[in-house]
Structure formats: C-alpha cells, structure tokens
There are 2 protein chains.
Amino acid sequence: MTTCSVTFTPSDTAVAVPVGTLLNEAAQEAGLDLNMPCGGQGRCGRCAVLVEQGTVRRRSNLRLSAEDVAQGYCLACQTVIEGDARILIPPQEKIERRLVTDRTVAAIEVPLDYDPARDQVLAAYYLELDVPSLDDQTDDWSRVQRALRRNHGVERITADLGVLRTLGRTLRNAAWQVTAIVERGGWDDPAATPRLVDVLPGRQTERLLGAAIDIGTTSNVVYLVDLLSGKVVAEAVDYNGQITRGEDVISRIIYAGKNDGLGELQSLVMQTLNRLLERAVQRVRAQTSDIYRATVAGNSTMIHLFLGLPPESIRLTPFITAANQPPPVRAGVLGLAINPQATVDCLPGVASYVGADITAGVVSTGLDEEDKLTLFLDVGTNGETVVGMREWLLTCACSAGPAFEGAGVEHGMRATTGAIEEVWVHSESYEPTWRVIGNQAPRGLCGSGLITLLAELFITGVIDRSGNLNLSLGTPRVREGEHGAEYVVAWAAESATRSDIVLTKVDIDNLLRAKAAIYAGYTVLCQSVGVDPADVEQVLIGGAFGQYINVEKAVQIGLLPDLPWERFRFLGNTSARGAYLALLGRPARARIAAAAGKMTYLELSADNTFYENFMSALFLPHTEIERFPSVQAALADDHRATGEFVPREEFA
Amino acid sequence: MTTCSVTFTPSDTAVAVPVGTLLNEAAQEAGLDLNMPCGGQGRCGRCAVLVEQGTVRRRSNLRLSAEDVAQGYCLACQTVIEGDARILIPPQEKIERRLVTDRTVAAIEVPLDYDPARDQVLAAYYLELDVPSLDDQTDDWSRVQRALRRNHGVERITADLGVLRTLGRTLRNAAWQVTAIVERGGWDDPAATPRLVDVLPGRQTERLLGAAIDIGTTSNVVYLVDLLSGKVVAEAVDYNGQITRGEDVISRIIYAGKNDGLGELQSLVMQTLNRLLERAVQRVRAQTSDIYRATVAGNSTMIHLFLGLPPESIRLTPFITAANQPPPVRAGVLGLAINPQATVDCLPGVASYVGADITAGVVSTGLDEEDKLTLFLDVGTNGETVVGMREWLLTCACSAGPAFEGAGVEHGMRATTGAIEEVWVHSESYEPTWRVIGNQAPRGLCGSGLITLLAELFITGVIDRSGNLNLSLGTPRVREGEHGAEYVVAWAAESATRSDIVLTKVDIDNLLRAKAAIYAGYTVLCQSVGVDPADVEQVLIGGAFGQYINVEKAVQIGLLPDLPWERFRFLGNTSARGAYLALLGRPARARIAAAAGKMTYLELSADNTFYENFMSALFLPHTEIERFPSVQAALADDHRATGEFVPREEFA
C-alpha cells in the first residue's frame with residue numbers, strides 16, 4: 001500500500017494516508033472537522049476545499065462551478081488522494097449559518113451619490129448668538145430664529161414645546177454658542193416650515209444620528225446611521241418582544257383585541273426597540289437622545305401595533321388597515337426612546353398583507369427601477385409577492401400560513417439554537433444527516449430545515465408526489481405514529497428534548513399547502529399580466545428567512561419556480577435596508593412612496609384562478625411536472641440525482 | 001309741622017314724614033336701604049334716585065350730569081322733601097360690585113363681519129364614505145382623505161395618531177357616515193397642510209366649540225365659543241389655583257425654580273382651567289373633548305407657567321423670556337382637558353413684562369386701529385402701559401409692585417369677600433364710611449379701597465402731600481401705631497378679624513411708590529414721543545381690577561392723568577376679549593400678531609428719565625401740582641371739595 005503525505009492549511013497539519021483515501025477521511029485522520037451535512041454523498045457541496053498542490057481525482061464536482069474547479073476547488077467527500085498534497089480548508093464562516101446576533105460593522109454600503117446637504121431632511125447648524133442685554137431683550141426663541149435666518153438662511157422655523165422648555169438653560173450654560181438640529185421640512189415637502197428639533201451646547205456638527213428600524217414579526221433590527229456620512233455606525237438585532245403574545249400576525253391581532261392587548265403589544269415592541277437603540281448607541285458612545293430621526297419598516301400589522309393603531313380590521317373581510325401611509329409622529333408621543341422631538345417616519349404599505357416591509361424591499365432591491373421582469377418574494381407567513389419592473393408592479397399576499405416559520409408543524413420551531421436547518425437523506429439507507437443551529441443536539445426543525453427535509457424525502461422516494469410516506473422501505477425511520485405515518489429525523493437519544501423528532505403526514509400536508517399558496521400567488525400575478533413564471537428573468541428573495549433557503553431544495557418541492565440558479569438572488573433583510581435608504585433622505589423616501597403608489601394589489605381571496613393554481617400546486621413539485629424540468633430530470637435518475645449530478649460510474 | 005307722604009317704587013312703600021326731611025332719611029324710615037358709601041356727604045353720588053312725581057329741593061347735584069338732572073335724578077342725601085312725592089329707587093345692581101362669579105350669558109358681542117367660512121381655521125365637514133369591499137380595499141385614513149378631497153375640496157391633509165387610533169371604530173360604528181373636524185392650515189398660513197382633528201359619528205355640523213382662555217395671575221377666565229355663530233355660549237371664572245404658591249408673578253417665578261415647582265405650578269393652573277372648561281361645557285350639554293381649539297392670553301409669566309417653560313430669566317437682568325411668541329401646541333401635550341388633538345394657540349407677547357394679555361388688549365380695545373392718541377393702562381403689579389395709535393405703539397411695564405393688589409400693605413387683600421373696596425372720609429369728623437365686597441364685616445382693603453382711602457385722606461387733610469399723617473387732628477382715628485403713624489379704617493369691634501384695620505405710613509409709602517411708577521411709566525412713554533400726558537385724547541383702562549377704579553380718586557392721588565372724565569373708558573377684561581377675537585380666526589389673530597410686532601418696548605430700568613419722573617411723582621398728586629388742576633381746585637376748597645362741588649351755602 002503506497003502512502004502519501006497530505007498537509008492541511010492554514011493549520012499546517014500533516015498526515016500520512018494510503019493513496020486512494022478520500023480527502024474528508026484524511027482530514028478526519030488529521031483531527032480536522034469538515035462540514036459535511038449530506039453525510040458524504042457528494043450532494044450538498046459544503047465540504048469544498050482548495051487543492052493548493054498535489055494530485056487528486058475528483059469523482060464529482062457537484063455544486064462547484066467551472067471556475068471553482070479551474071481554481072482548484074474540489075469536494076472533500078468526492079475526491080481521492082493520489083499523491084502528496086497540500087490542501088487549504090477555507091474559513092468555515094463562509095458556510096456557517098449566521099445566527100441572530102449583533103454585528104458592530106454592518107455590511108450596508110452608503111449609496112455613492114449620497115449628499116446630505118441635498119438629500120437629508122436634518123441638518124446641524126452651529127450658532128454664535130448675540131448675548132442679550134438691556135439694549136437687546138429679544139427672547140431666547142426669537143434669538144435662535146434670528147441667528148438661523150442670518151447665518152444659515154433658515155427664513156422661518158417652528159419648534160416643539162420640549163425644545164423651548166430646555167432652550168433657556170442650554171443657551172446660558174453654553175455661553176450662547178450652540179448647535180441647532182433642524183428638520184428642513186418634510187421628506188415630501190421641502191417647502192414646509194422647518195422645525196427646531198434640539199439645541200445642543202457648543203459646536204456639535206461632526207455627527208448626526210438617525211435610526212433605521214425594521215420591525216419583523218419575529219426579529220427587530222436597528223441600524224444606527226450617521227446622517228452626515230450616511231454610514232451605518234452600529235447595528236442591533238433581537239427577537240420582537242411580542243413573540244410571547246403570539247408567533248404570527250393573526251394571533252397578535254387577536255391578542256390586540258383583548259382588554260389592553262393593543263397597549264401591551266405596543267409596549268412590548270417598544271421595549272425591544274428601546275433596548276436595541278440603547279445597545280447601538282453604547283457602541284458609538286452616544287445617547288439615545290442623540291438620535292434625531294427614525295424610519296420604520298415592517299408589515300402592516302407590525303406598523304399598526306408599533307403606532308398603537310387597532311389592527312382588528314386587518315384580519316376581517318374585506319381586510320382594511322387603519323392607515324397604509326401613517327403620518328409622521330414624534331418619538332415622544334410613541335414612547336420610542338430616541339430624542340422625543342425626533343420624527344418617526346413609518347414607511348408606507350400597500351394593503352393589509354403587503355406592508356411597508358415590502359415597499360421598502362421593492363426600493364432597496366431596485367425592483368422599481370429594474371428593466372428585467374422580476375419576481376420578488378418574501379417567503380413567510382404572508383407570502384408577500386411582487387412581480388414587475390420599472391414600469392409596473394403587481395403584488396399580492398398569499399396566506400402561506402406559519403408552517404415555514406415552524407408553526408403548525410409538530411416539531412417545528414423558529415430558526416434559533418437547536419433548530420435543524422438543513423437535512424440530507426441518504427438515497428439508499430434513508431438515514432438523515434443534519435446541521436443544527438448552534439451545533440448542538442437538535443430540538444426541532446426550522447423553515448429551511450423543513451424545506452430541505454421535504455425535498456430530500458421526495459427525491460429519495462420516502463414520500464410520493466402527494467406527500468404520502470412509503471411505509472415499505474424497510475427502514476425504522478418511516479413508521480406509523482400516533483397521528484398517522486411519520487419520518488423520524490432524530491431519535492430520542494440524539495435529541496435535546498429526549499424524544500423522537502419526526503415529520504408527520506399532517507406536517508407534510510401543512511407544508512404542501514404553504515408552498516402551494518406561495519407558488520399559486522406568484523403564478524396568478526404572472527398570469528394576470530400574461531407572462532409565465534418561467535419568463536421571470538430574476539428572482540429576488542427577501543426576508544431574514546429567505547437568505548437561508550436552499551434554492552435547489554425549494555425548487556424540488558415546487559416552492560420556487562424552476563429557473564437557472566443564477567437568476568436567484570438572496571438579499572437578506574431588504575426591509576431594513578429600505579428603512580436605511582429612507583433615512584438618508586428625500587430621494588429614496590420619495591421612491592418608496594412612489595413605489596407604494598405604483599403597486600397594484602391583487603386580492604387573492606376574491607380570485608378564482610388563485611384557488612385553481614393552489615389546488616394544482618398541492619403536489620410535489622406540481623400537478624404539471626413539466627413546469628419543473630430539473631426536478632423531472634432528477635427523479636428520472638432513480639430518485640438519487642439532481643439535474644447536475646455527474647455520472648454514477650465514477651463511484652468506486 | 002307739615003307732614004307729607006313719600007312713596008318709594010318699585011316696592012310701593014309709603015311713609016309720612018315732615019316737610020324738610022332728607023330723602024335718604026325718609027327711605028330709612030320706610031325700611032329701605034340706600035347705598036351711601038360717603039356717609040351722606042353728597043360726594044359719592046351712589047344714592048341717586050329718580051323723582052317720578054312731587055316737589056323736592058336739591059342741595060347738591062354732584063356726580064349727576066345735566067341730563068340726569070333733567071330726567072329727574074337727585075342725590076337722596078342732598079335732597080329735601082317739600083311735598084308729597086313718588087320716588088323710584090333704581091336697581092342696586094347698577095352700583096353693586098360684580099363679584100368674581102360665573103355668568104351664563106356673556107356680554108361679548110360677535111363682530112358684525114364674522115364669517116366662519118372665510119375667517120375660521122376650523123371647519124366641520126359631513127362625509128358619506130364608500131363602504132369598503134374586496135373591490136375597494138382603500139385603508140380607512142385614505143378613504144377619509146378621498147371623501148374630503150372629492151366632496152369638500154381638501155386636497156391634502158395630515159392627522160395626529162390620536163385620530164387614527166379611533167378612526168376605524170368610529171367609521172364602522174357610524175356606518176361610514178361621519179363628520180370630520182378639520183383645521184385648515186395655521187391662522188398665519190392658510191396654505192399649510194390641513195389637519196384632521198377628529199372624526200365624529202353621523203352629521204354634527206350644527207356647532208363647533210372653541211375656548212378663549214385668559215390666564216390672569218389672580219383670576220382665570222374661560223369663554224366657550226361656538227365657532228360657527230361666533231357666540232360665547234358659556235363663561236366660567238375662578239381664581240388661578242397657583243395663588244397658593246405666591247400672589248404675584250415674581251413669587252411664582254421663584255417658586256417655579258424650586259425642585260418641581262414649575263411642574264406643580266403648571267399642574268395647578270391646568271387644574272383650574274380644566275375645572276372651568278368642565279363647568280362651561282356642562283351648561284351647553286357638551287363635553288370638553290368637543291372643544292377643538294383654544295386661544296390663550298395672559299402675561300408672559302402666566303404663559304410660561306401654562307406651557308411649562310422655565311420663567312427664571314424673566315426676573316433676572318436683562319429680563320428675557322424663553323419665547324414671546326410660543327408656537328402652537330396640541331392640548332394633549334399640555335394636559336389641557338379639551339380635545340387632545342386641538343391646537344392651543346398662545347397669543348404673542350412683547351417682552352417679559354408686556355405679555356399676551358396686553359397685545360390682546362391692544363387689539364380688543366381697537367387701539368391698534370385708533371386715530372386718537374390713546375393711553376392704555378393695565379393697573380396692576382406690572383403696570384403695563386401702551387401709548388399710541390394706528391401708526392405706532394409704544395409700551396413699557398413699570399414695576400408698580402403688588403400694592404394695588406393688596407400685597408405689601410399691612411391690611412391689604414385681594415378683591416374678594418370682606419375687602420373694603422371703597423372708603424369715604426368725613427371732611428370734618430375724619431370718620432370713614434366704607435363698602436365691603438359681599439356686604440359683610442371687613443377683613444382688609446383691596447386695591448380700589450386703597451386708592452379711594454388714600455385720596456380721601458389726602459383731600460380731607462388727614463395726610464399731607466408727602467403722605468405724612470397729621471397726628472394733631474384730634475381724632476382717635478389718627479394715632480401712633482407699633483410701626484409709626486397710622487389711620488384706623490375699622491375698629492376691631494367692626495372688623496371680621498377682631499382687630500383694627502389700619503393704613504400705616506409704610507403702607508402709604510408703598511402705595512405712593514406704586515402710583516408713582518405707573519405715572520412715571522406713561523409719562524416717559526409720552527415724553528419719548530414728544531407729547532404730554534395732558535395731550536392724551538383717550539385713556540383705556542383694562543384689567544379686571546381696572547374696571548373698579550374710581551377715576552376721580554385715582555386722579556386725586558396722581559395715579560391717572562388729570563383729564564376730563566369722559567376721556568376715560570373702563571373696558572374690563574380686555575385680555576380675555578382679545579383671546580375671544582383671536583379664536584374667531586385669522587383676521588383678529590393676525591392683527592394681534594401685527595400689534596405685537598409693531599409695539600416698541602421701552603425698558604424703563606435702563607431709562608434715567610423714568611427715575612426722575614418716578615421721584616417727582618412720589619408726592620400727592622405730584623411735585624408739580626399744576627399737572628393736576630382739578631386736584632388743585634379741590635384742595636383750594638378747604639380740603640373738602642372736588643372741582644365739581646357746588647357752592648357750600650346750600651348746606652343747611
């Protein structure tokens with residue numbers, strides 16, 4: 001037996017192994033841990049490593065692009081060592097799930113053309129005031145107005161009582177040298193009377209803070225932004241405190257209708273946001289009262305609860321909001337712990353189930369200025385969908401239900417520590433391998449885990465096109481449970497809950513309804529303008545959940561349209577990014593308002609074609625399988641291969 | 001002895017008395033009570049009666065005009081019965097002091113040219129909204145906007161959160177037929193975006209309530225006004241609840257500087273106003289939330305305390321307010337218990353001691369459109385004074401101190417029950433007679449009582465021109481007290497306090513300083529524009545106190561200029577009336593702002609001529625007695641007569 005030496009970098013760990021050893025086995029021998037969620041089947045592509053030097057033989061290049069291969073990448077589980085080699089194991093972060101956690105430096109880039117003097121609603125003006133005397137008894141407020149007029153051309157200005165209440169002391173303590181924070185009209189009305197928001201001692205014109213807020217039903221995000229540079233200077237994320245009062249919008253609306261439920265929910269989200277704001281300002285040595293403007297995105301229910309608007313009519317036919325475009329509000333009135341005189345600008349929504357998160361997303365993804373026919377999807381409870389381009393935008397919400405958020409599924413859970421987020425099923429043994437958030441014993445399955453599990457069960461033949469489980473495969477994983485047939489994902493001994501984690505037929509039916517609703521939604525939108533989902537030139541997937549969807553698996557279950565992978569783009573929190581852009585001032589804020597005005601809402605509950613499309617989509621991947629050619633090809637390959645699988649003869 | 005029969009009407013009481021009996025003696029005989037504050041000296045004119053029939057002989061017609069005499073009026077104490085007679089005793093109300101009390105029907109008349117459609121900032125629009133359906137899912141707020149646009153031409157409108165929070169339920173409970181209360185821009189900016197203030201079920205366009213508020217240091221007044229008719233529909237008056245924390249503005253400013261003194265004072269005045277508002281709306285079967293606008297007048301300190309603005313710089317050189325022209329505020333922010341979305345518009349002041357009460361007074365008296373050279377006086381602590389006419393207005397405040405309000409005087413008190421409000425001193429016995437508010441045993445002397453007492457003591461020779469008491473008159477009324485010389489107004493046995501009520505030399509000096517300050521104030525204003533106080537064509541006296549001043553007595557002490565009585569006009573609460581006019585909308589409100597802008601403030605503390613004038617005015621009536629010819633004449637008549645006194649030989 002010929003032995004050869006394999007050195008793994010960057011740790012520079014060397015190991016001697018026989019020729020013909022698989023790279024992943026060599027790594028294991030060297031005590032190195034490679035990601036291998038599909039269990040070494042060569043299907044997930046997660047064990048990619050870079051051959052820096054030496055000779056190897058690739059059995060399969062699945063998931064690697066031609067460019068990857070040219071650079072020297074290979075799949076560790078599919079690559080045989082044929083001589084001494086030097087192998088780079090790339091940083092695991094590239095494939096590790098990003099947990100819901102704070103990051104000090106945000107990835108958002110300032111638009112190149114951002115010009116605060118032109119775009120920004122807020123400005124900070126340094127003033128050296130005349131000192132009052134018996135010859136100049138001008139009152140404090142008029143004195144500030146006079147200096148703003150003379151030195152900064154602010155002809156007319158108003159102020160809230162809160163500023164005037166502290167003005168006198170600030171002026172005197174600062175020896176009449178102060179900085180005035182001025183709101184120069186509304187974003188939509190530069191001609192409106194400016195407003196004095198605050199007066200600070202001395203010269204404080206180096207920084208001017210604002211907050212972009214995204215209120216998700218599950219997670220809340222705060223970006224702290226320096227409005228002068230446009231940069232995100234801190235970011236904070238946490239679960240929405242309302243979760244304890246209901247996981248989805250419908251249960252929150254119901255809760256809001258009880259006694260002081262609305263007040264309680266408003267207070268809960270405010271507590272969450274105020275905590276996030278506090279965390280964010282601490283990172284940059286500021287105070288929350290230094291934040292002089294906030295923009296807020298979120299679905300219509302979240303915006304209602306944030307503002308204390310009763311949401312009850314949102315869930316009752318004909319599904320009407322109190323206000324799709326709420327007027328600006330002072331922070332102090334709401335209890336949002338930024339400067340009490342700061343304007344809180346809630347972005348406009350379109351309908352009860354197409355809210356400000358979607359209009360913000362439309363603009364932050366550039367969909368409203370797009371030349372390609374684009375599908376924008378927020379895969380979540382409400383399944384908000386937009387189809388369109390620069391000239392037109394059509395939108396709907398398709399009531400997918402909370403299955404993809406882990407609710408309505410027996411062992412479903414939110415994407416938090418202990419959730420299985422990815423599952424691979426062996427095509428012969430039907431044994432699963434999975435990856436758990438936080439890398440610990442599993443407690444249940446989150447949305448992305450459910451999608452991959454469903455797809456894997458289907459592709460490996462554990463379930464048929466109707467979602468029925470095949471009880472005759474000879475594996476204990478498929479069995480009759482208390483509530484019918486089920487597949488055991490994790491045995492009690494492996495789980496953190498000390499009981500089996502299963503996916504039941506009932507769960508599968510719920511998931512099928514959810515994916516069918518979303519598929520039917522965008523199909524109806526496309527049909528209503530005479531195009532086919534296959535004509536879509538670009539699919540933008542938004543939402544915190546969206547970024548973790550495995551496209552291949554989502555296509556295999558018929559959730560996403562069967563299009564080349566390069567047409568899909570995952571954009572993460574497009575809603576928060578829209579709030580950020582709106583915070584930068586008039587141009588983006590006006591674009592969001594224009595987008596909201598341009599979006600035509602299609603009410604699916606009043607649409608027969610939606611029901612027909614929904615029924616057809618209740619199969620895997622769809623009644624008309626020809627709509628999913630790649631899935632058809634994968635199934636043709638004996639339930640074991642996807643469209644891109646390389647010939648089987650390369651296996652040993 | 002010839003007897004004759006006298007019948008008094010309207011009581012139809014007959015009495016038989018000897019010929020030669022005085023009418024007041026006959027009335028007493030008949031058991032009828034005549035007002036006779038001067039004790040029957042024929043000097044006060046208060047016992048005027050009408051001779052309907054019969055023969056009488058008038059000894060004196062003092063205080064009666066030629067017209068009065070022609071009509072048959074005579075003074076009961078100066079008229080001898082010469083045969084059967086029929087005498088009408090006019091209603092006592094004509095001369096009775098009006099107590100601080102509520103009146104259901106106010107005397108204020110609606111300006112003839114009031115046109116709510118043109119002038120009023122508020123409007124009530126009836127709306128019949130389209131009922132929402134799956135084909136028309138317009139949100140509630142947009143639906144209201146649409147109806148306002150289509151049916152009432154309101155192109156653009158905003159709203160506070162408070163309205164939107166109740167909108168949905170109101171619309172649905174009212175079956176989509178509602179009345180929108182709309183603020184059509186600001187009073188100064190009709191082009192500003194209108195604002196939805198409230199939405200009421202059904203058609204409620206018959207009445208639209210507003211409140212005109214006057215915050216006096218002592219008394220607060222609320223006029224409830226129907227903005228559609230312009231009528232005052234209810235009125236309520238009460239003492240300012242802050243009185244317990246200091247009687248004058250200076251002590252309140254000091255109190256405001258302690259811990260939460262400011263918050264406490266604001267809360268106290270708000271409690272008073274809220275009680276008054278509640279009383280007012282109850283009379284017209286309305287609720288305080290039906291009040292959709294308030295205008296507020298008051299001196300600068302009162303406005304600061306009302307708004308919660310720290311007043312501290314008002315009393316410190318160089319006497320600067322936080323804001324002379326505070327921006328409009330929402331009632332809800334202040335805690336004023338009208339509709340929380342209602343605008344509270346505080347009228348503009350000119351300086352620390354010339355506040356909104358004076359600018360409101362300037363407009364409500366018509367001074368700003370006057371062709372005559374006019375002096376407008378608010379005789380109170382601050383002695384606010386305006387001299388001018390249509391083209392120009394000059395103003396000052398002359399720190400009279402609180403002597404005329406009863407403070408700084410040993411037995412001084414506010415004009416409330418038990419206060420001596422008028423005193424007459426017998427020119428030979430030096431015995432006083434007085435009238436007490438509430439017609440009971442006296443507790444002290446209020447401002448008008450002090451003025452008449454000082455004048456009487458001077459005219460009867462009890463004090464000299466420097467205010468020194470003459471201890472050699474042989475009356476126990478003048479004596480050495482614990483703190484120097486004093487005059488006993490009421491003996492312990494007569495008083496409600498069971499101790500002597502006295503006026504001391506110290507009190508007299510305080511009163512002299514107060515009157516000298518006011519005299520010096522308007523004299524400096526006149527001199528600064530090259531006119532003499534004697535050139536003034538009209539003297540307007542405002543303030544609740546002003547209307548009870550006895551002009552003759554005020555002239556005698558040198559407080560008011562010595563001008564013919566017909567040049568004086570007592571206008572009562574000119575401040576409250578100004579607030580009322582401002583509530584009626586743009587024209588008057590704009591006039592008040594224009595007046596505030598036009599008024600040139602003269603700072604007396606920086607003015608040497610003020611000090612010189614003040615020193616010269618510390619005498620009775622003045623160092624240069626020729627400035628007071630009528631007083632000179634009265635003194636020439638052996639200290640017993642005024643300029644109009646009839647020859648003495650008519651006395652028995």
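Per chain, numbering begins at 1; letters A, B, ... match sequence-line order. Side chains included, hydrogens not; waters and symmetry mates left out as well; all remaining heavy atoms used.
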Okay, A323(B) and chain A: the region with an atom under 4.5 Å from a heavy atom over there is both

Taking atom types as modelled, which donor-acceptor pairs link chain B and chain A at under 3.5 angstrom?
{"residue": "Q137(B)", "atom": "NE2", "partner": "P318(A)", "partner atom": "O", "Å": "3.0"}
{"residue": "Q137(B)", "atom": "NE2", "partner": "E603(A)", "partner atom": "OE1", "Å": "2.7"}
{"residue": "D139(B)", "atom": "OD1", "partner": "N324(A)", "partner atom": "ND2", "Å": "3.2"}
{"residue": "D139(B)", "atom": "OD2", "partner": "N324(A)", "partner atom": "N", "Å": "3.1"}
{"residue": "D140(B)", "atom": "N", "partner": "T321(A)", "partner atom": "O", "Å": "3.0"}
{"residue": "W141(B)", "atom": "N", "partner": "A322(A)", "partner atom": "O", "Å": "2.9"}
{"residue": "R156(B)", "atom": "NH2", "partner": "D188(A)", "partner atom": "OD2", "Å": "3.4"}
{"residue": "R165(B)", "atom": "NE", "partner": "L307(A)", "partner atom": "O", "Å": "2.9"}
{"residue": "R165(B)", "atom": "NE", "partner": "G308(A)", "partner atom": "O", "Å": "3.4"}
{"residue": "R165(B)", "atom": "NH2", "partner": "L307(A)", "partner atom": "O", "Å": "2.7"}
{"residue": "R169(B)", "atom": "NE", "partner": "E312(A)", "partner atom": "OE2", "Å": "2.9"}
{"residue": "R169(B)", "atom": "NH2", "partner": "E312(A)", "partner atom": "OE1", "Å": "2.9"}
{"residue": "D188(B)", "atom": "OD2", "partner": "R156(A)", "partner atom": "NH2", "Å": "3.3"}
{"residue": "L307(B)", "atom": "O", "partner": "R165(A)", "partner atom": "NE", "Å": "2.9"}
{"residue": "L307(B)", "atom": "O", "partner": "R165(A)", "partner atom": "NH2", "Å": "2.6"}
{"residue": "G308(B)", "atom": "O", "partner": "R165(A)", "partner atom": "NE", "Å": "3.4"}
{"residue": "E312(B)", "atom": "OE1", "partner": "R169(A)", "partner atom": "NH2", "Å": "2.9"}
{"residue": "E312(B)", "atom": "OE2", "partner": "R169(A)", "partner atom": "NE", "Å": "2.9"}
{"residue": "P318(B)", "atom": "O", "partner": "Q137(A)", "partner atom": "NE2", "Å": "3.0"}
{"residue": "T321(B)", "atom": "O", "partner": "D140(A)", "partner atom": "N", "Å": "3.0"}
{"residue": "A322(B)", "atom": "O", "partner": "W141(A)", "partner atom": "N", "Å": "2.9"}
{"residue": "N324(B)", "atom": "N", "partner": "D139(A)", "partner atom": "OD2", "Å": "3.2"}
{"residue": "N324(B)", "atom": "ND2", "partner": "D139(A)", "partner atom": "OD1", "Å": "3.2"}
{"residue": "E603(B)", "atom": "OE1", "partner": "Q137(A)", "partner atom": "NE2", "Å": "2.6"}

Hey, which of G332(A), A192(A), P318(A), G308(A) has the most heavy atom pairs under 4.5 Å with chain B?
-> P318(A)

P310(A), A606(A), G168(A): which one forms the most heavy-atom pairs within less than 4.5 Å of chain B?
-> P310(A)

Of the listed residues (A159(B), A322(B), G162(B), P132(B)), which shares the most heavy-atom pairs with chain A below a 4.5 Å separation?
-> A322(B)

Please state whether the side chain, the backbone, both or neither of L334(A) comes within less than 4.5 Å of a heavy atom of chain B.
-> side chain

Checking heavy atoms, do the side chain of L171(B), its backbone, both or neither come under 4.5 Å from chain A?
-> neither

Stepwise side chain to side chain contact (heavy atoms under 4.5 Å, CB included) check, L161(A) with L309(B) = CA-CA 8 Å; L161(A) 212 47; L309(B) 296 174; 4.2 Å; yes

Which of V333(B), L307(B), L262(B) touches chain A most, by non-hydrogen pairs under 4.5 Å = L307(B)

Please list, chain by chain and in numerical order, all residues satisfying side chain to side chain contact (heavy atoms under 4.5 Å, CB included) with A337(A), sequence neighbours excluded.
-> N274(A)

